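The structure appears right after this line, and notes come after that.
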Amino acid sequence: MFITRKAEFSASHLCRIPELSEAENRRFFGDGANPNGHGHNYIVEVTVEGEPDEVTGMVMDLKTLKDILEEEVVGPMDHRFLNREVPPFDRVIPTTENVAQEIWRRLEPRVSSASTKLAKVRLFETDDLYVDVVRGADPAWLR
Ligand code: NI
C-alpha cells in the first residue's frame, strides 16, 4: 500500500547560471533569473510504500511522517531564500526538479525501514506544475 502525506512551505528562489550572460540566463529561465528572486508556495506530497502492520493496521505512523517532513523540509525551507539560506542551493540551481531531488535525499534515509520505503516525492511549484521523484528509477542524479 501507499500512504501519502502533504505539507506546504513558502520559499524564494532564483534560477541563474553565474557563468552565463544575462541574455542567456533570460533565455533559459525567463523572469526566474531575476537576481532579486521571487516566491512560491510549494506543496510537497510524500508517498511511503509498505504493508500495514498486523497489530496497528498502519503502514507508518502518520504523525512520525509529519514530524520528519517538518524537520527535514518545512522547518529548513519555509520562509527561506533557498539560494542564500538552504544548502545545496548556494551552488545547485533550485529548479523544481532540484528541490524535489533534495527533498528525496533528505527524506529517504529517515523514512526507509525494514517495512517501509520512500516511494515518491511530488513537488508542486505552482498549481499547474509539479515534479515527481519516484523510487526505482535509480538515476545517476540521485547519487
Ligand atoms: Ni520560480
Side-chain angles (χ1 to χ4, degrees), residues 1-53 56 58-143:
M1 288 188 190
F2 298 86
I3 58 165
T4 299
R5 180 119 216 169
K6 187 170 158 180
E8 298 183 34
F9 61 97
S10 300
S12 298
H13 77 159
L14 62 92
C15 294
R16 41 185 317 128
I17 299 171
E19 294 77 20
L20 297 185
S21 70
E22 184 63 27
E24 286 171 311
N25 271 298
R26 291 280 167 179
R27 188 163 62 80
F28 279 126
F29 302 113
D31 289 341
N34 186 317
N36 295 326
H38 60 274
H40 292 288
N41 296 316
Y42 291 95
I43 295 172
V44 59
E45 295 175 355
V46 177
T47 301
V48 176
E49 179 178 9
E51 293 297 322
D53 183 85
T56 65
M58 299 190 297
V59 170
M60 182 179 181
D61 185 338
L62 286 170
K63 173 68 165 65
T64 304
L65 185 52
K66 184 180 182 178
D67 291 345
I68 292 170
L69 261 170
E70 181 64 36
E71 289 166 25
E72 300 290 345
V73 179
V74 178
M77 298 188 187
D78 195 28
H79 294 108
R80 303 288 174 170
F81 198 129
L82 297 177
N83 305 66
R84 295 175 191 162
E85 300 181 275
V86 184
F89 302 119
D90 51 338
R91 60 202 148 79
V92 173
I93 306 169
T95 56
T96 319
E97 293 89 330
N98 285 342
V99 177
Q101 177 187 343
E102 175 61 17
I103 291 172
W104 177 282
R105 277 206 190 96
R106 289 175 182 225
L107 294 179
E108 206 272 335
R110 301 283 317 269
V111 163
S112 296
S113 72
S115 59
T116 56
K117 288 183 201 132
L118 183 57
K120 185 167 81 178
V121 167
R122 172 169 286 183
L123 181 67
F124 286 83
E125 188 178 81
T126 60
D127 287 346
D128 53 6
L129 172 74
Y130 64 80
V131 167
D132 285 336
V133 182
V134 181
R135 181 173 201 88
D138 192 27
W141 48 261
L142 270 180
R143 294 191 198 105

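Scope of the values below: all heavy atoms of this structure, side chains included, with no hydrogens, waters or symmetry mates. Here, residue 1 is the first one in the sequence, and each next residue gets the next number. Quick caveat, the model's predicted, so the values are computed rather than measured.
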Quick test of your reading: applying ring pair (Phe, Tyr, Trp, His ring centres under 6.0 Å), list the pairs with at least one residue in [range], sequence neighbours left out, ordered by first then second residue.
| range | answer |
| --- | --- |
| residues 8-35 | F9-Y42, H13-H38, H13-H40 |
| residues 62-92 | none |
| residues 114-135 | F124-Y130 |

Please report the closest heavy-atom contact between [X] and [Y], naming both atoms and the distance.
| X | Y | answer |
| --- | --- | --- |
| A100 | L123 | N-CD2, 3.7 Å |
| M77 | V99 | SD-CG1, 4.5 Å |
| P94 | C15 | O-SG, 4.0 Å |

Quiz item: Who are the salt bridge (charged side-chain N to carboxylate O under 4.0 Å, His left out) partners of E72, not counting sequence neighbours?
Solution: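 So E72 forms a salt bridge (charged side-chain N to carboxylate O under 4.0 Å, His left out) with R110.
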With side chains defined as the heavy atoms from C-beta onward, is the minimum distance between [X] and [Y] less than 4.5 Å?
| X | Y | value |
| --- | --- | --- |
| V44 | V121 | yes |
| M1 | P52 | yes |
| D31 | R26 | yes |

Can you tell me how far [atom2] of [Y] sits from [atom1] of [X], rounded to the nearest 0.5 angstrom?
| X | Y | atom1 | atom2 | result |
| --- | --- | --- | --- | --- |
| S12 | R84 | OG | CZ | 8.5 Å |
| L14 | N83 | CG | CG | 4.0 Å |
| I43 | D127 | CD1 | CG | 6.5 Å |
| D90 | L82 | CG | CG | 11.0 Å |

Exercise. Kindly say whether N36 contributes a backbone atom to a donor-acceptor pair with the side chain of N34 at under 3.5 angstrom?
Key: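 Yes, the answer is positive, given that a donor and an acceptor are paired below the 3.5 Å cut-off.
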Exercise. For the pair N98 (side chain) and I93 (backbone), establish whether a donor and an acceptor sit closer than 3.5 Å, ignoring hydrogens and angles.
Key: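 Confirmed, N98 side chain pairs with I93 backbone.
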Could you tell me which residues satisfy side-chain hydrogen bond (donor to acceptor under 3.5 Å, both in side chains) with [X], sequence neighbours excluded, listed by chain and number?
| X | value |
| --- | --- |
| R5 | none |
| D128 | T126 |
| E70 | none |
| T116 | S113 |

Considering residues at least two apart in sequence or located in another chain, which fulfil the side-chain contact (heavy atoms from CB on, under 4.5 Å) criterion with [X]?
| X | answer |
| --- | --- |
| R27 | none |
| E49 | F2, A119 |
| N41 | S10 |
| T4 | E45, T47 |

Quiz item: So M60 and T64, side chain to side chain contact (heavy atoms under 4.5 Å, CB included) or not? Walk me through it.
Solution: CA-CA 8 Å; M60 182 179 181; T64 304; 4.3 Å; yes
Quiz item: Between E108 and R135, does at least one N-O distance fall below 4.0 Å, as a salt bridge requires?
Solution: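 Yes.
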Exercise. Go through the steps to decide whether T96 and L129 satisfy the test side chain to side chain contact (heavy atoms under 4.5 Å, CB included), and finish with yes or no.
Key: CA-CA 9 Å; T96 319; L129 172 74; 3.8 Å; yes
Quiz prompt | Worked verdict on E71 versus R106 for salt bridge (charged side-chain N to carboxylate O under 4.0 Å, His left out) | solution = CA-CA 10 Å; E71 289 166 25; R106 289 175 182 225; over 6 Å; no
Exercise. Could you go through the side chain to side chain contact (heavy atoms under 4.5 Å, CB included) check for R105 and I103 one step at a time?
Key: CA-CA 5 Å; R105 277 206 190 96; I103 291 172; over 6 Å; no
Quiz item: Are N25 and I17 close enough, and set up right, to give a side chain to side chain contact (heavy atoms under 4.5 Å, CB included), and what steps lead you there?
Solution: CA-CA 7 Å; N25 271 298; I17 299 171; 3.9 Å; yes
Quiz prompt | Flag if over 12 foreign heavy atoms under 6.0 Å of CD, E22 | solution =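 Check passes, neighbour count above 12.
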